[in-house]
*Asks:* 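One structure, as structure tokens, below. Some questions next.
Position 1 is the first residue of the sequence; numbering continues from there. Atoms within each ligand, like the ligands themselves, are counted from 1 in listed order.
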Amino acid sequence: TSCSALREWVAIESDSSNVLKRPDLHHMMEKAAQKLRLMGGMVELVDIGQQELPDGQTLALPKVVTAQFGSDPNKRTVCIYGHVDVQPAKMDDGWATDPYNLTDINGNLYGRGASDNKAPVLAWIHAVEAYQALHMELPVNVKFIIEGMEETGSNGLEDMIVAQRDIFFSDVDYIIISDCGWLSRRPALTYGTRGNCYFFAEIEGPKQDLHSGVYGGTVIEPMTDLIGILDTLIDPNGKILIPGIREAVAPLSDEEWKMYQDIQFDLENYKNKIGVDQLMYNSKVDLLAHMWRYPTVSIHGIQGAFSDHGTKTVIPAKVVAKFSIRQVPNMDPAVVKKQVTDYLHLVFSKRKSPNKLKVTMVIGAKPWLADTQDPVFEAGKAAIKRVFNVDPDLIREGATIPIARTFQDVTGKSIIMMPIGGFDDGLHSQNEKMSRYNYIEGTKYFIAYLHEVSLIKKTSV
Ligand SMILES: C[C@H](N)C(=O)N[C@@H](Cc1c[nH]cn1)C(=O)O
């Protein structure tokens with residue numbers, strides 16, 4: 001196939017983290033709505049209000065697309081959630097091809113957002129289209145909820161879900177999310193995600209940037225302060241140093257330990273895939289546990305720091321570190337916000353610096369965990385068996401789907417994550433891709449799932 005829909009979607013630079021790209025993001029939401037409208041869905045573009053930027057300005061949030069195919073009260077209703085915003089990408093980051101021009105190389109479709117999450121959303125759409133093309137009645141009512149702010153924490157979506165709980169979600173039985181990946185070549189069903197608390201730590205000093213030769217040695221540099229406090233977040237062995245964080249983590253049970261042992265995961269492959277000689281842990285179980293169910297600190301970047309080619313000799317006047325802490329049961333983002341803010345101010349005060357520190361938490365997403373005994377998982381296993389002829393791995397996901405926990409807490413519905421992304425898709429990274437195999441077989445799997453989930457209805461109603 002030509003994958004024309006995916007090509008058109010990838011061509012839209014729907015980067016939700018870049019305010020300059022907001023028109024592209026609005027266009028992307030219109031495009032998704034139009035696709036569903038043309039298929040005969042009952043479609044709405046729901047206004048979810050404004051986003052407040054750190055500088056106090058406001059910006060219109062991308063509308064949320066909802067769609068409905070069928071409303072037969074005798075059928076079960078599934079709701080597919082997905083997102084069509086993407087992480088930033090530019091050739092300069094080291095892409096081999098233009099990130100916004102879907103490029104087919106050896107059966108892999110390269111492009112920003114190909115795997116995260118445009119192809120999986122389209123695969124669900126194609127699954128509905130397949131029933132339509134074959135003039136087959138959909139075995140379940142299918143709803144879609146597609147957002148454009150997932151990559152920046154799903155701003156505005158929670159309020160919409162609360163407002164729609166007894167309207168759009170009233171007849172929904174199951175919520176399905178396909179915004180993650182397999183762990184190996186073996187298909188997987190996902191029953192947990194980590195949450196994420198994302199912080200800005202700003203240090204402000206002189207009123208403008210200074211020449212390091214002329215002023216170096218006379219001023220207390222904001223960047224030196226910032227590196228100093230960042231270095232107190234986590235030690236070289238991965239131990240988080242912020243008091244209270246490790247204590248909140250639910251202990252690993254014997255049952256979990258056993259489950260992890262059975263999962264197909266090759267440490268050597270994993271090392272090769274990411275190009276490292278050594279990992280933080282040497283056993284499969286330790287590694288999976290630290291990927292899925294322990295917190296970690298990642299330092300992402302420093303705004304205001306010199307990062308171009310060349311040898312600029314500046315002392316930056318104001319620098320803002322961006323770091324995040326992945327959340328696991330039983331951590332609470334509100335508590336983590338206080339723990340981090342208090343700790344950084346304490347550490348900074350010990351430096352006796354005249355500079356000013358400001359700590360802000362800009363995303364506070366909770367972790368999500370499902371009951372794998374729920375019939376939605378049985379249906380998932382059956383659909384995988386039918387299409388791939390294997391039993392899936394039951395896995396967790398180290399990344400975050402910020403809205404998953406809200407769906408669970410607000411709607412009370414069962415949630416299943418059904419990834420079709422490959423383990424080596426390079427999400428958020430250079431050369432992100434979705435393989436043709438996963439895209440096409442994944443679509444078949446979704447078609448099969450709609451059938452399997454309708455069978456649950458017959459036995460459990
Ligand atoms: C799993 C999903 N495709 C994803 O990548 N989610 C992002 C969401 C996020 C969390 N904090 C900021 N954005 C992720 O896990 O990084």
*Asks:* I'd like the contact residues of ligand 1, where contact means a heavy atom below 4.0 Å.
*Replies:* Asp116, Glu150, Glu151, Asp179, Asn196, Arg326, Ile363, Ala399, Thr400, Ile401, His428

*Asks:* Are Phe377 and Tyr191 an aromatic pair, judged by ring center distance below 6.0 Å?
*Replies:*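 Not close enough - the centres of the two rings lie 6.0 Å or further apart.
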
*Asks:* Evaluate whether atom NZ of Lys271 has more than 12 neighbouring non-hydrogen atoms of other residues, nucleotides or ligands under 6.0 angstrom away.
*Replies:*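 Yes.
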
*Asks:* Donor-acceptor pairs under 3.5 angstrom involving side-chain atoms of residues 23-35: please list them, not counting sequence neighbours.
*Replies:*
{"from": "Lys31", "atom 1": "NZ", "to": "Glu8", "atom 2": "OE1", "distance (Å)": "2.8"}
{"from": "Gln34", "atom 1": "OE1", "to": "Arg37", "atom 2": "NH1", "distance (Å)": "2.9"}
{"from": "Lys35", "atom 1": "NZ", "to": "Glu129", "atom 2": "OE2", "distance (Å)": "2.9"}

*Asks:* Name every donor-acceptor pair, under 3.5 Å, that has one atom in a side chain of residues 157-164 and the other anywhere in the protein, sequence neighbours excluded.
*Replies:*
{"from": "Gln164", "atom 1": "OE1", "to": "Phe168", "atom 2": "N", "distance (Å)": "3.3"}

*Asks:* Once salt bridge (charged side-chain N to carboxylate O under 4.0 Å, His left out) is applied, what residue pairs with a partner in residues 326-339 remain, sequence neighbours excluded?
*Replies:*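 Qualifying pairs: Lys338-Asp342.
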
*Asks:* Given the ring of Phe69, does Lys143 sit roughly above its face, with NZ or CZ under 6.0 Å from the centre of the six-membered ring and within 45° of the axis?
*Replies:*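 Not satisfied by the 6.0 Å and 45° rule.
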
